Asks: 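My questions all concern the structure below.
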Amino acid sequence: MATLSTSSSGPVETSIREKLMTSLQPSKLTITNDSHLHRHHAAMRAQGGGNGETHFSVQVISDAFKGKNTVQRHRMIYAALTDELSQGLHALSLSTKTPEEVQKATGAA
């Protein structure tokens, strides 16, 4: 079962979570809304500051990434979130790992 980071989620964050849970079946999924850090950017000012759900950091640990390089992993996420990206999601900061990569990095057996 996946570990989820939840807080007061808006509709974009909820959609991201649902789509990534379905498509990647992660053992861990953490989504952080970073939009408040980017309101001053020209593109966000042009949209009146955005809708408050334009920039996210997403950490995913999933077996679905086995045998895939970083670019392929990111493409999997972007493909799952095509609708959100076309409707105002502006940027994603991604961390994509397999459970084995996490174990190796932490030295866990």
Side-chain angles (χ1 to χ4, degrees):
M1 184 156 162
T3 302
L4 302 177
S5 173
T6 58
S7 60
S8 177
S9 301
V12 176
E13 183 174 345
T14 299
S15 182
I16 291 170
R17 180 172 283 105
E18 290 172 357
K19 288 183 176 182
L20 295 183
M21 289 298 295
T22 299
S23 64
L24 301 175
Q25 299 180 347
S27 57
K28 183 172 184 180
L29 174 62
T30 304
I31 302 171
T32 305
N33 186 339
D34 299 326
S35 302
H36 67 283
L37 301 172
H38 301 275
R39 284 183 297 209
H40 65 284
H41 292 178
M44 297 301 96
R45 281 197 315 264
Q47 295 178 20
N51 65 1
E53 290 192 284
T54 56
H55 294 70
F56 290 90
S57 295
V58 180
Q59 293 80 39
V60 186
I61 300 172
S62 174
D63 284 327
F65 296 141
K66 285 183 181 177
K68 305 230 178 344
N69 64 35
T70 300
V71 172
Q72 292 169 320
R73 294 172 184 195
H74 289 198
R75 285 180 179 160
M76 292 169 70
I77 291 173
Y78 284 115
L81 302 178
T82 300
D83 291 339
E84 290 74 14
L85 288 161
S86 70
Q87 296 173 8
L89 176 58
H90 184 71
L92 294 171
S93 173
L94 302 174
S95 172
T96 55
K97 303 214 179 289
T98 65
E100 292 77 17
E101 290 167 339
V102 172
Q103 285 181 345
K104 189 175 183 180
T106 61

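These numbers come from a predicted model, not from an experiment.
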Asks: For the residue pair A64 and M76, what are the closest heavy atoms and their distance?
Replies: O-CE, 3.7 Å

Asks: Any sub-3.5 Å donor-acceptor pair from S15's side-chain atoms to P11's backbone N or O?
Replies: no

Asks: Please tell me if the side chains of K28 and V102 come closer than 4.5 Å, counting only heavy atoms from C-beta onward.
Replies: no

Asks: So L29 and V58, side chain to side chain contact (heavy atoms under 4.5 Å, CB included) or not? Walk me through it.
Replies: CA-CA 7 Å; L29 174 62; V58 180; 3.9 Å; yes

Asks: Can you find a pair of side-chain heavy atoms, one from T96 and one from H74, that are under 4.5 Å apart?
Replies: yes

Asks: What pair of heavy atoms forms the shortest contact from I16 to L81, and how long is it?
Replies: CA-CD2, 3.9 Å

Asks: Under 4.5 Å between any side-chain heavy atoms of I61 and P99, yes or no?
Replies: yes

Asks: Drop me the distance from F56's CZ to L94's CG, to the nearest 0.5 angstrom.
Replies: 12.5 Å

Asks: Nearest heavy-atom pair of V12 and E53: which atoms, and what distance?
Replies: N-OE1, 3.1 Å

Asks: Do the charged groups of K104 and E100 touch, with an N to O distance under 4.0 Å?
Replies: no

Asks: Donor-acceptor check, side chain of S23 to backbone of A80, threshold 3.5 angstrom: yes or no?
Replies: no

Asks: Answer yes if the side chains of S35 and N33 hold a donor-acceptor pair under 3.5 Å, and no otherwise.
Replies: yes

Asks: Nearest 0.5 Å, what's the CD-CD distance between E84 and E13?
Replies: 12.0 Å

Asks: Check R73 against K68 and note the closest heavy-atom contact, atom names and distance.
Replies: NE-O, 2.9 Å

Asks: For the OH atom of Y78 and the CG atom of L89, what is their distance to the nearest 0.5 Å?
Replies: 8.0 Å

Asks: How close do T14 and S9 get, counting heavy atoms only, and between which atoms?
Replies: OG1-CB, 3.6 Å

Asks: Give me the atom names and distance for the closest heavy-atom approach of V60 to P26.
Replies: CG1-CB, 3.9 Å

Asks: Once you round to the nearest 0.5 Å, how far does OG1 of T82 lie from NZ of K19?
Replies: 7.5 Å

Asks: Roughly how far, to the nearest 0.5 Å, is the CD atom of E101 from the OG1 atom of T106?
Replies: 12.0 Å

